[in-house]
Amino acid sequence: MIALRRFGAVKGSYLAIRRIIRCNPFSEGGYDYVPEQFYFFKRTKP
């Protein structure tokens, strides 16, 4: 819910799905924080 409120429907859904996929017996575990900023692609300076 935090990711959806912070980043909107598209980016928030992407982060939520990524989190659910990592929830498996082979994962390291731990708490998955919602990032303050999120970009689909890394921004590089020209």
Side-chain angles (χ1 to χ4, degrees):
M1 292 304 295
I2 296 171
L4 288 172
R5 277 189 244 130
R6 189 175 291 173
F7 298 113
V10 175
K11 288 182 180 180
S13 295
Y14 172 77
L15 289 171
I17 290 168
R18 210 174 83 190
R19 180 179 187 178
I20 292 169
I21 289 172
R22 284 194 309 260
C23 182
N24 63 64
F26 305 108
S27 177
E28 291 180 13
Y31 189 78
D32 188 15
Y33 294 99
V34 176
E36 293 294 325
Q37 295 180 344
F38 173 74
Y39 302 106
F40 281 114
F41 304 103
K42 290 185 179 183
R43 296 178 184 218
T44 58
K45 294 182 181 180

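The structure displayed is predicted, hence computed values, not measured ones. The figures that follow rest on heavy atoms only: side chains count, while hydrogens, waters and symmetry mates do not.
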Can you check side-chain contact (heavy atoms from CB on, under 4.5 Å) on Arg6 and Glu36, steps first, answer last? CA-CA 8 Å; Arg6 189 175 291 173; Glu36 293 294 325; 3.8 Å; yes

Ile2 side, atom CD1; Leu15 side, atom CG - distance, nearest 0.5 Å: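 The distance works out to 11.5 Å.
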
What residues form a ring pair (Phe, Tyr, Trp, His ring centres under 6.0 Å) with Phe40, not counting sequence neighbours?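 Testing Phe40 for ring pair (Phe, Tyr, Trp, His ring centres under 6.0 Å), a comparison that skips the adjacent residues, returns Tyr14, Phe38.
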
Any link between Val34 and Val10 through a network of hydrophobic side chains (Ile, Leu, Val, Met, Phe, Trp, Tyr) touching at under 4.5 Å?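 Linked within one cluster.
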
Would you name the heavy atoms of Tyr31 and Arg19 that are closest together and state the gap between them?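 That closest heavy-atom pairing would be CE1-NH2, 4.4 Å.
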
